[in-house]
Each structure stands twice: as C-alpha cells, then as structure tokens.
Amino acid sequence: MLDINLFRKNIREVAENLARRGFVLDVATFERLEAERKDLQTDTQTLQSRRNTLSKQIGIAKGKGENADALMAEVGGLGDQLAKHEARLAALQKELRAFLLTLPNLTHASTPSGKSEADNLEVRRWGTPRVFSFTPREHNELGEALGLIDFETAAKLSGARFSFLKGGVARLHRAIAQFMLDTHTQKHGYTECYTPYIVNSETLTGTSQLPKFEADMFSVKKGGAEGEGETLYLISTSEITLTNSVADTIIPAESLPIKLTAQTPCFRSEAGSHGKDTKGMIRQHQFEKVEMVQIVHPQKSYEALEELTRHAEAVLQALELPYRVMALCTGDIGFASAKTYDLEVWLPGQNTYREISSCSNCEDFQSRRMQARFRNAQGKPELVHTLNGSGLAVGRTLVAVLENYQREDGSVDIPSVLQPYMGGMTVISSAK
RNA sequence: GGAGACGUGGCCGAGUGGUCGAAGGCACUCCCCUGCUAAGGGAGCAUACGGACAAAAACUGUAUCAAGGGUUCAAAUCCCUUCGUCUCCGCCA
C-alpha cells in the first residue's frame, strides 16, 4: 500500500510513477474521496469533542450532587447527528483504504521503463550452454521415457497441471530442495522455517495477494466445502507466511536484518494462463519452492536486493546451470515490487532461458499493509523494508537439471553437489 | 468436541460506569548526586489519523485497554458475537 501522505502532497508524482507501469491513477476519484473525508472528519471530531466535554461536565456535576439535566439535554441532541457523521466517515475511510489497496507499488528509479517482458533488461549472464551432440529433449519427454514423471496419473487424480513423480526423479526433486535449504541456512545466514500452508485473508492482504488477485488463489472453507466458516487460502508462495511473520510487530533495530527461508508447496490456480506452458512441469497448480525473505532497515534494502539475488544465483552456480539475470521493466514487474531481478535458467530442450527465480524489493509497500516496523535511532517506530526471492523454484530446477544433464540414451547425470543427497547415485536411468 | 479461567502501553501489572490514555514497577532517554559498579534523587517516555503552520518541533482535536457489535449523556469497566491463550476432560498423528 502506498503512503496516503504522498497523495496529499504529491499526487502528480505518484500518478507519473504509476504511469510508468501503464497504470492510470484515478486522480479525480481520490481527490473527491479525500475532500469529503477532510470536511467530514473535521466536523465529526468537533462533535465528538463537544460530546466528550459535556459528558465530563455531567460526571463532575453528578459527583457534586448537582442537577445535570440541562447538560444532558444538550448532549442528547448531538446523538443523531454524531451517529450519522461517524457512520459516513467510517464508510468513507473504508472506501479510501480499498482504493489504496488496489494500487501497485511505485517503481524504483533504477527499474527500466518498458511495456512488456520484451523490454526487460539483461544485467548479466553466467555459464555457457552445453553443446549437445544430439538433439536435447524436453524434460517431460525425458521423464516420461524414464517412466518417472507420470502426468496421466496426476491428471486422473487431480486434473491438468499436476505431476506425479517417482523413483529417482522424485528423489532428485527432494534432493534439490534439501540442497537449497542447506545452502541458504549454512552459507547465506537464513533461518529455516516451517510454516502454515493455509492462511487467512488478512495475511494475504499483508503481502498484497488480496484484494486484487483472489482469482489466482486456491481457497478452502473452514468446516468443509459447504461449511459456514471463513474462507482460507492455500499459499501461492511462502513469501506470504515468512513476510507476514513480522506483521503487527515492532522489531528491535538490532534484530535487523531478519533472513528467513522455507521450503513449501505453492498453490496457484493459474487463472488467465490457459494454453500457456501446458506441457510438462513448467506451470503447475502445485509446486515446491524454497523461498528467501529479508526484513531489513529501509536504508539497506537495495544492498539487500543485490545480496539476495546473489544467494539465488549461488544455487544455480553450484548446480552448474547457465542462466541470465534480467532487471524487470516497469511494464512486467510485480504489483508489490519496486525493483525485481528475474533469474532465467537455460533450458536446452526448449532452447531458451526460462524464469526460475524472482527477487524483489517491496520497500515499505508490504510493511505498511502489515504494520511491520522497527524502532529507529530516534526511538520512533518506522516501517521496515521487505524483500523476497525464490531460491529457487524446485520444480523448475528439476526441469533444468533434467534437460541440461541429459544423455543421448535418455538417462540423466546427477550434478555432483546433489549426489550426497541422492545416496551417492550418479545417474538416473529407467532401471531405477 | 465438553467445562472453566483469561486477553490492559516495549514488558510486568492495577483498575467493575464518570475528572482514565489509563496507578505502580521494569526497560529506555536526559539532568543531578555519588569513589565502590543490577546505588540514590528529579524529569521525560504509546500509536494512528486529523487541525494549524512554508515546514519540523512544540501545540491542539479524535480514536485506540484482543477484534467487531450493543446498552448509556458517558464503557478498559455492563451485554452479545468472533478470534486467541491457559487449565482439566474427550478424541487424535
């Protein structure tokens, strides 16, 4: 959520920044709501003040045993008017908040301007794509030929966009996740977390999946599908639970930065992406991800973004998977982010780079929604900055390993750093 | 699932209808005192949103005692609902 004071002081600048995203700010609506709010709030508070004063006088009078009828008559007359004002003010403030909640974050000056994915800026590249002596196959072909990725069974159980892994591939999937967690906890200083997979709507509002992106979420009802209970949601990333862990708290300054990581499933309804990546494991309703979250001092967040991105890169480097780093442009960047780097891994089967991690600095956009603060040098509570990044998407990493490490006979070499997690196995073949 | 207790500021904790935004303590900040180091004295110290101001501070108003609703001229205090915590019982991995 954006700071409402920016709107009061500099709405022009806010509108210009949002326009970089292609977002048209409804200035007229804001100004109408704000003007009405201002008058109404002043009037309401004047009435409240009058009532409070009179009520106090009644108390004093009664304490002395004096007659307070005249005072009570006057304050009684305020009641209706006050109730009306208060109700209207509450409605208005709700409307203003709802308006603010639908606005995306301002983008940082260093985020390149652009309209779409095509305008993203390549920042750097690492590794050289392997030269194959045969035509490399896509992971789904490989997995099915090995008999270790079973999309049919997954479809029978659940429908499209799910996968059922077996044997060496299932184990490789687990090994990848474990390797990532160990890397981040042992080398990068993150605290490993195990978090809920089902959360309430307030939590989702904190990280801004709600109210705007409800269609992307899977929801469940407490008390069963027909239950009367509140609607809860399956997390679409552990950014949600990790970041919201500091919601409504004042963090001691010396505890910053807080660095958290977790491996969780991610559930995405993928509404609006029909026909996109329908083959294979690239776009699934359920996938595992190891997430990194940092809660930092506002002056350190851009430093932290570079660090966090390097942490994600370190995993790709250890796995010896070629990749490139893209600075997302204003037209492609996420709703909550001021600046984002995407890591794109080389997929020889598809002969292209594909997103495998997204590292974002959300500045105070989420912390304002969550009321996550720290005590600054002046002793005053101040909003922290929040960052998150995939470190990495486990399913897509599995895809990348399968495609990059495939042999002509369809078996797959296991990257050396993963072998200890595979009980010393060095290759996955159909025999296993 | 059943029975009961509880939810107050950064923390502990008092407060059952009126001068309570809330005693007291701890922590923290500033000042004073003091050679004996978890010593003493004084002052300050919640948050959010408004108002006014060029702006900040000071000032001032409103709201906030888990959340929401109700009763009342007036609610931390009374009533209802929800959430959470604790204890006991039941069930369960």
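In this text the structure is predicted, and so the values were computed from the model without any measurement. In what follows, chains are A, B, ... by sequence order, proteins preceding strands, each numbered from 1.
Nucleotides B:C78 and B:C91 place their C1' atoms 37 Å apart, quoted to the nearest Å. Going from the P atom of B:G35 to that of B:G25 covers 27 Å, rounded to whole Å. Using C1' as the reference atom, B:C83 and B:A27 are 30 Å apart when rounded to the nearest Å. The gap from the P atom of B:C45 to that of B:G4 amounts to 44 Å, rounded to the nearest Å. Atom name P, nucleotides B:G9 and B:U47: the rounded distance is 14 Å, in whole Å. With both ends at atom C1', the span from B:C73 to B:C65 equals 22 Å, rounded to whole Å. Look at the P atom in both B:A5 and B:C79: the space between them is 12 Å, to the nearest Å. Taking atom P in both B:G13 and B:G17, one finds a spacing of 23 Å when rounded to whole Å.
Contact check on A:R37 versus A:E34 returns a salt bridge, with a Lys/Arg side-chain nitrogen under 4.0 Å from an Asp/Glu carboxylate oxygen. Taking a cutoff of 4.0 Å between a charged side-chain nitrogen and a carboxylate oxygen, A:E36 and A:R88 qualify as a salt bridge. Classification of A:R354 and A:D277 as a salt-bridged pair holds, one side-chain N sitting under 4.0 Å from a carboxylate O.
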Query raised in the report: Given the rule in the salt bridge (charged side-chain N to carboxylate O under 4.0 Å, His left out) test, do A:E270 and A:R283 qualify, once you have shown the distances and angles that lead to the verdict?
Result: CA-CA 8 Å; A:E270 296 296 344; A:R283 193 176 298 274; 3.4 Å; yes
Query raised in the report: For A:F365 and A:H385, what are the C-alpha separation, side-chain angles and deciding distance, and is it a ring-ring contact (aromatic ring centres under 6.0 Å, His included)?
Result: CA-CA 8 Å; A:F365 187 78; A:H385 280 193; over 10 Å; no
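Taking the six-membered ring for Trp, A:H285 and A:F267 have ring centres at least 6.0 Å apart. Side-chain rings of A:F213 and A:F335 approach one another, their centers coming within less than 6.0 Å. With ring centers used as reference points, A:F30 lies under 6.0 Å from A:F7.
If you measure from atom CD1 of A:I250 to atom C1' of B:A27, you get 15 Å, rounded to the nearest angstrom. Rounded to an integer number of Å, the gap from CG of A:N376 to C1' of B:C45 is 15 Å. Look at CZ on A:R97: it is 13 Å from C1' on B:A48, rounded to the nearest Å. Look at CD on A:E254: it is 16 Å from P on B:G10, rounded to the nearest Å. Between the CZ atom of A:R373 and the C1' atom of B:G10 there is a distance of 12 Å, rounded to whole Å. Regarding A:I60, its CD1 atom lies at a distance of 19 Å from the P atom of B:G17, rounded to whole Å. Straight-line distance from the CZ atom of A:R375 to the P atom of B:C28: 14 Å, rounded to whole Å. Between A:R37 atom CZ and B:A48 atom C1' the separation is 13 Å, expressed in whole Å.
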Query raised in the report: Quick one: what's the B/S/- string for nucleotides 56-73 of chain B, heavy-atom cutoff under 4.0 Å, read 5' to 3'?
Result: -----BSS---------B
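Using a 4.0 Å heavy-atom distance criterion, A:P252 is classed as making no nucleic acid contact.
RNA chain B is contacted by both A:Q371 and A:K38; A:Q371 maps to the nucleotide lying nearer its 5′ end (nearest heavy atom per residue).
Side chain of A:Q284 to main chain of A:S163: a donor-acceptor pair is present (N/O by atom type, distance under 3.5 Å, no hydrogens or angles).
In RNA chain B, runs of at least 3 consecutive Watson-Crick or G-U pairs, each pair with both distances below 3.5 Å, span B:1-7 with B:83-89, B:10-12 with B:24-26, B:28-32 with B:40-44, B:46-51 with B:59-64, B:66-70 with B:78-82.
In the model, A:Y233 has no side-chain atom that pairs as donor or acceptor with a side-chain atom of A:N200 under 3.5 Å.
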